[in-house]
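Here is the structure we will look at.
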Amino acid sequence: MPELPEVETTVRRFRPLLEGRRIIAFRTRWQRHAVPSAPAVRRGVVGRTVARVSRRGKYIVLALDDGAHLLIHLRMSGRLEWAADHEKEPAHVRTLWEFDGGQRLLFSDARKFGRVVYTRDLAATTAGLGIEPLAREFTADAFDTLLRRRTRQLKPLLLDQSVVAGLGNIYVDEALFRARLHPLTRSDHLSAAQTASLHEHIRALLREAIRHHGTTFDWVYPSGGMQTRLRVYGRTGQPCPVCHTPIEYLRVGQRGTHICPRCQPANGAPRPKRGR
DNA sequence: TGAATTGTTATCGT
DNA sequence: AACGATAACAATTC
C-alpha cells in the first residue's frame, strides 16, 4: 500500500541509480502492466536515457531524454528492486528494464494491480490528479476553499486522487486523528480553524513519514520506520495514545477506518440524550 | 475456503 | 450536467 511517503522514498532511492542511464531492453510478463500496450512502451523507452526521476501523487515519473515520460504506479503490492543481472530475482517480478552496464530495474507486483504508463504528453496524462499536498500552492486557504466547495464526507474526499494527490488509507486515518476530525464529517461543515488544522496536520504527517522512509506493514514495502509512529491505523482495540479510549474500527466507503471515538466525535451528529 | 486488502473506474441516482 | 455515493474490479495472501 505505497502512498505518497513510500513513493517519495522509492523515488529518492532510485533517482541516483536511474538518472543518466540508458534503457537497452524492456520486458513484461504481465501484459496489462503496460499502458497503452507492451509494444508501445517498449518502442518508447528502449534506447532512451532516463533524464530525471520525480513523483506526482502516487506515480513515480521517469522523464526520458526525448521529452516523453514513463509513469510507474505501484498500487497495492508493487515494489521496485535494483539488481545486477547475475543476482537471483525476487518473487513476482512482472516487468523489468535492462540498463547499459548490465543492471536491471525490477517491478515486483504480487497482485498485478500496478501500471507502467508511457506518454508523450505528461500534462494530459496527469491532468486528473489533484493538488500536491507538499507543494507551495497547497496553502491553508486553498485547502479551505477546496473543502468548502464540496459536500462530501471527509475521508472519501481525502482519498480522492483528483482532489489531493497522494493520500491513501493509512495517512488519511492518521491525519484525521491528529486533526481530531471524524471521517464522516461533511467537508463543508468544518470551521476555518478545523480546515487549517487538517491542512497543517496533513503536511506535518507526510513530512514525518518521508523522514522515516514510510510505513512498513508486510512484505510489500520493507525498511520503513513510520509504522511505530502511527496512532490509530492498525491499532484497533488498543488504547488511544491521547485519551486511552480503545481505538474503533469502522467502514467508511468500503474502506477500513480507524478512529478514536473520544478524540474524533461525530461532527453534527445528534448527541446522545442524557438520562432523566 | 473465502474474507480482506486498495486505488481506480464504471455506474447509478439526485 | 455535475456531483456524490456505491459497486465492481484487478489478483493474491493467510
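For the numbers below, each heavy atom of this structure counts, side chains included, while hydrogens, waters and symmetry mates do not. Throughout, a chain's letter reflects where its sequence line sits, starting with A, and its residues are numbered from 1. Given the structure is predicted, the values throughout are model-derived calculations rather than measurements.
At whole-Å resolution of the value, NZ in A:K58 and C1' in B:dT9 are 14 Å apart. Look at NZ on A:K155: it is 15 Å from P on C:dA5, rounded to the nearest Å. Rounded to whole Å, atom P of B:dT6 lies 18 Å from atom CZ of A:R79. Put simply, NE2 on A:H73 is 17 Å from C1' on C:dA11, counting in whole angstrom units. Across the protein-nucleic acid pair, A:R75 atom CZ and C:dT12 atom P stand 15 Å apart, rounded to whole Å. Here C:dT13 presents its P atom at 11 Å from CG of A:D109, a figure rounded to the nearest Å. Note: CZ (A:R29) to C1' (C:dA11) measures 18 Å, nearest angstrom. When the P atom of C:dA5 is taken as reference, atom CG of A:D160 falls 11 Å away, rounded to whole Å.
Within the 4.0 angstrom heavy-atom criterion, only backbone atoms of the sugar-phosphate kind lie near A:G168; the bases stay farther away. Among the atoms of the strands shown, only primed sugar atoms or phosphate atoms (P, OP1, OP2) are found under 4.0 Å from some heavy atom of A:Q161.
Within residues 114-129 of chain A, no residue places a heavy atom under 4.0 Å from DNA chain C.
Atom CZ of residue A:F99 and atom CH2 of residue A:W82 lie 5.0 Å apart, to the nearest 0.5 angstrom. Distance CG/A:L122 to NE2/A:H69: 4.5 Å, rounded to 0.5 Å.
Using a 4.5 Å heavy-atom threshold, the side chains of A:V242 and A:R180 count as touching. Within the 4.5 Å cutoff, the side chain of A:P5 has heavy atoms near those of the A:L206 side chain.
In this structure, A:H199 has its ring center under 6.0 Å from that of A:F138.
When only modelled atom types and interatomic distance are considered, A:T119 and A:D121 share no side-chain donor-acceptor pair under 3.5 Å. For A:Y171 and A:E6, the side-chain atoms include at least one donor-acceptor pair closer than 3.5 Å.
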Check the interface with nucleotides 3-5 of chain B: list each N/O to N/O pair with the protein under 3.5 Å, or write none.
| unit_1 | atom_1 | unit_2 | atom_2 | d |
| --- | --- | --- | --- | --- |
| B:dT5 | OP2 | A:Y249 | OH | 3.3 |
| B:dT5 | OP2 | A:R251 | NH2 | 2.8 |

Taking N or O atoms only and anything under 3.5 Å, show me the protein contacts with nucleotides 2-4 of chain C, one pair per line.
| unit_1 | atom_1 | unit_2 | atom_2 | d |
| --- | --- | --- | --- | --- |
| C:dG4 | OP1 | A:T151 | N | 3.0 |
| C:dG4 | OP2 | A:R150 | NH1 | 2.9 |

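Look at A:R94 and you'll find a side-chain N or O under 4.0 angstrom from OP1 or OP2 of C:dT12. Between A:H92 and C:dT13 there is a side-chain polar atom (N or O) within less than 4.0 angstrom of OP1 or OP2.
Closest to the side chain of A:Q254, from the set C:dT6, B:dT8, C:dT12, is C:dT6. Closest approach to the A:W30 side chain among C:dT13, B:dT8, C:dA11 is made by C:dA11 (side chain taken as heavy atoms from C-beta onward).
The closest donor-acceptor contact from the side chain of A:R55 to the backbone of A:G57 lies under 3.5 Å. The backbone N or O of A:R111 lies less than 3.5 Å from a partner atom in the side chain of A:S77, making a donor-acceptor pair. Under the 3.5 Å distance criterion, the side-chain polar atoms of A:D109 are matched with a main-chain donor or acceptor of A:F113. Judged by distance alone, the side chain of A:T95 and the main-chain N or O of A:T28 form no donor-acceptor pair under 3.5 Å.
When the options A:R22, A:Q103, A:R27 are evaluated for a side-chain hydrogen bond (donor to acceptor under 3.5 Å, both in side chains) with A:E98, the one that passes is A:R27.
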